Structures are given as C-alpha cells and as structure tokens.
Amino acid sequence: MSAVILDFDGPVADVFAGYPASKIAERLVDLVRQFDTNLGKTLDGTTDPMEVLRQCQGVLSEDSLDWVETELVHAEIQAAESATVTPGAINLFEQCSARGLPVIVASNNAEACIQLFLKRFRLTDNIHLVSARPFGRPDLMKPHKHVLSFASNVAQIKLESSLFIGDSASDVEAGQTAGVPIIALANKEGKRAKFKHANATAVVDHMDEVLSIIASRELIS
C-alpha cells in the first residue's frame with residue numbers, strides 16, 4: 001500500500017467544535033456584502049464557509065476574493081484553537097507510523113489551520129504531507145481532485161494503491177475522480193445510505209473500523 005490519505009475536518013478533527021462553521025459563514029457573508037450586495041443577499045443563510053468562498057469566485061474581483069479568503073483563513077486558525085480530535089484518528093496515525101505507512105492529509109481547509117491543529121496535539125511527526133486548499137483557487141477544492149493529485153505528485157505515491165478516508169459526498173466524488181479507493185466515514189445520521197448509493201469502496205461509522213478494513217483487504221502487510 002502506498003499511503004493512507006485523510007480528509008481533515010471529520011476523519012481527523014472536529015474543526016468547528018468550538019467555533020461553529022455557521023458563525024464563520026455569517027462572518028464571511030457580512031464581508032461579501034461590502035463588495036457585492038447582490039451576492040451577499042444570495043449567500044445569506046449559507047452555513048458552510050467553504051461554500052461561501054466557492055460562490056465568490058468568478059463574481060468578486062481577485063483582490064476582493066483574496067480578502068474574503070484571508071478572513072476565512074483567520075477564522076479557520078481561530079477554530080483550530082478549540083478543535084477536537086476525532087476518536088480513533090490518533091490510533092490510526094500511530095498504527096500507520098509503526099508500519100512505515102505514510103499518512104497524508106488532503107483537505108479543503110487552509111494549511112495554517114491544519115498545521116496549528118497538528119501542533120496542538122503533537123501529531124506533526126505522524127503526518128507525511130499536508131495537501132491543503134490552494135489560496136485563491138476555491139475552484140480546486142474537493143470535489144475537484146486537485147488536493148489528491150497534488151499529494152500524489154509531491155509524495156510520489158500511487159493513488160490507486162492508496163486509501164482515502166473522507167466524510168462527505170465531495171470526498172467520495174474527488175476520490176473516484178482521482179482513482180483512489182475511498183472509505184466513507186458516516187459520522188452523521190443519513191450519511192451511510194448516501195455513501196452506499198455513491199458507491200464508496202467501504203462505509204464506516206467510526207474511525208476505529210478503518211484499520212480492520214485495511215487489514216481485511218490486505219492493504220497493510
């Protein structure tokens with residue numbers, strides 16, 4: 001097996017445990033209104049800050065888009081200060097490290113947010129690479145395969161012999177587009193049925209199940 005790749009928010013951390021995503025989205029929409037009143041009205045009520053950023057591209061000027069994303073990065077860093085670890089994630093990191101199996105984070109979150117979290121929980125040494133949202137290019141966020149392809153190129157791993165763990169439909173789509181087997185974490189009610197319908201390679205309810213699936217598929221020798 002080449003590597004274990006994980007989405008950040010969900011499989012690794014509850015990023016917005018202390019600073020709700022809806023509050024960050026509201027903060028961003030207030031800023032967007034200063035640049036484009038109509039777009040601000042359209043985005044009113046949006047609870048996903050990543051979706052706010054995504055909708056800004058192609059509408060706002062490059063400078064305004066950068067301003068919105070900078071505000072998002074600051075909010076993500078603030079959120080990382082109170083984020084919690086997903087149960088089972090640390091055990092997965094330790095088991096992979098013990099086997100010499102690279103662990104990669106591939107996320108729509110900003111790298112500064114991810115790195116702060118990893119430092120807080122002393123997990124930096126367990127992570128081979130962080131492939132994060134490229135600043136100024138929200139169009140390359142998942143479901144685009146960019147963060148997976150970037151990880152493959154930089155870490156020189158084969159995606160088809162790796163494993164990607166995600167918790168959203170966009171993770172499943174990105175994994176399928178990139179050609180990497182995906183384990184979908186059904187960490188909320190209703191996700192299991194959606195993931196099965198989306199033809200995820202496997203569906204789990206808890207991160208502790210991931211190692212068992214890897215072993216049963218003989219992906220770790």
Side-chain angles (χ1 to χ4, degrees), residues 5-84 86 104-120 129-151 153-154 166-178 187-188 191 194:
I5 309 169
L6 301 99
D7 177 37
F8 180 58
D9 185 20
V12 178
D14 184 351
V15 178
F16 305 109
Y19 188 2
S22 59
K23 294 294 184 182
I24 297 176
E26 183 179 354
R27 172 176 167 181
L28 294 181
V29 172
D30 286 342
L31 179 58
V32 170
R33 286 194 187 96
Q34 299 179 35
F35 302 124
D36 189 308
T37 303
N38 290 332
L39 180 59
K41 289 180 180 179
T42 300
L43 293 174
D44 192 39
T46 303
T47 58
D48 181 357
M50 304 302 167
E51 186 59 26
V52 174
L53 179 64
R54 196 192 308 273
Q55 293 298 323
C56 287
Q57 187 165 37
V59 180
L60 298 185
S61 68
E62 183 176 337
D63 286 346
S64 296
L65 177 64
D66 287 352
W67 198 311
V68 172
E69 184 162 13
T70 297
E71 186 73 9
L72 173 57
V73 173
H74 289 161
E76 288 175 275
I77 291 171
Q78 186 176 347
E81 293 173 349
S82 57
T84 58
T86 299
I104 294 170
V105 173
S107 172
N108 284 347
N109 287 111
E111 182 164 1
C113 164
I114 299 168
Q115 295 290 4
L116 174 59
F117 176 88
L118 296 177
K119 185 176 181 180
R120 276 185 61 213
L129 175 71
V130 171
S131 178
R133 179 182 77 243
F135 190 89
R137 292 297 306 273
D139 57 309
L140 295 181
M141 292 192 296
K142 292 172 291 183
H144 196 286
K145 67 178 183 178
H146 170 80
V147 292
L148 295 170
S149 298
F150 180 84
N153 292 334
V154 174
D167 72 327
S168 68
S170 64
D171 289 326
V172 175
E173 183 177 343
Q176 291 172 338
T177 302
N187 51 3
K188 292 183 180 179
K191 280 190 174 184
K194 291 180 180 179

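One-based numbering along the sequence shown. Predicted model only: the values in this text are computed from it and were never measured.
Sorted by first then second residue, the side chain to side chain donor-acceptor pair (under 3.5 Å) pairs that include residues 5-18, not counting sequence neighbours, are Asp7-Lys142. Within the structure, ring pair (Phe, Tyr, Trp, His ring centres under 6.0 Å) pairs that include any residue of residues 27-70 comprise Phe35-Trp67 (at least two apart or interchain). Annotation: salt bridge (Lys or Arg N to Asp or Glu O under 4.0 Å) contacts involving residues 36-45, sequence neighbours excluded, comprise Arg33-Asp44. Contacts classified as salt bridge (Lys or Arg N to Asp or Glu O under 4.0 Å) and involving residues 45-63 (residues at least two apart or in different chains) are given here: Glu51-Arg54.
The side-chain contact (heavy atoms from CB on, under 4.5 Å) search around Glu173 returns Pro143, Thr177, not counting sequence neighbours.
For the pairing with Val12, the side-chain contact (heavy atoms from CB on, under 4.5 Å) check across Ile114, Leu6, Asp167 returns one residue only, Leu6. Screening Asn153, Leu148, Val147, Val154 against Phe150 for a side-chain contact (heavy atoms from CB on, under 4.5 Å) leaves a single residue, Val154.
Heavy-atom contacts from other residues, nucleotides or ligands closer than 6.0 Å to NZ of Lys194 number 12 or fewer.
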Only pairs under 3.5 Å count here: list side-chain donor-acceptor contacts from residues 74-81, not counting sequence neighbours, and write none if there are none.
unit_1	atom_1	unit_2	atom_2	d
Glu76	OE1	Arg133	NH1	3.2
Glu76	OE1	Arg133	NH2	2.9
Glu76	OE2	Asn109	ND2	2.9
Glu76	OE2	Ala110	N	2.9
Glu76	OE2	Arg133	NH1	3.3
Gln78	OE1	Arg27	NH1	3.4

- [ ] Begin with the C-alpha distance, continue with both residues' side-chain angles, and end with the deciding distance and a verdict on side chain to side chain contact (heavy atoms under 4.5 Å, CB included) for Asp139 and His144.
- [x] CA-CA 7 Å; Asp139 57 309; His144 196 286; 6.0 Å; no

Open item on the list: side chain to side chain contact (heavy atoms under 4.5 Å, CB included) for Leu72 and Val52? Distances and angles first, verdict last.
Closed with: CA-CA 10 Å; Leu72 173 57; Val52 174; over 6 Å; no

TODO: Evaluate the side chain to side chain contact (heavy atoms under 4.5 Å, CB included) criterion for residues Leu65 and Val59: first the C-alpha distance (whole Å), next the side-chain angles of each, then the deciding distance (0.1 Å), finally the verdict.
DONE: CA-CA 9 Å; Leu65 177 64; Val59 180; over 6 Å; no

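Two residues are said to be in side-chain contact when any heavy atoms from C-beta on lie closer than 4.5 Å; Phe117 and Val15 fail this criterion.
Pairing each heavy atom of Ala13 with each of Thr86, the nearest pair is N-OG1, 3.2 Å.
Between Ser170 atom OG and Asn108 atom CG the span is 6.0 Å, to the nearest 0.5 Å.
Side-chain atoms of Glu69 come within 3.5 Å of backbone N or O of Gly136 as a donor-acceptor pair.
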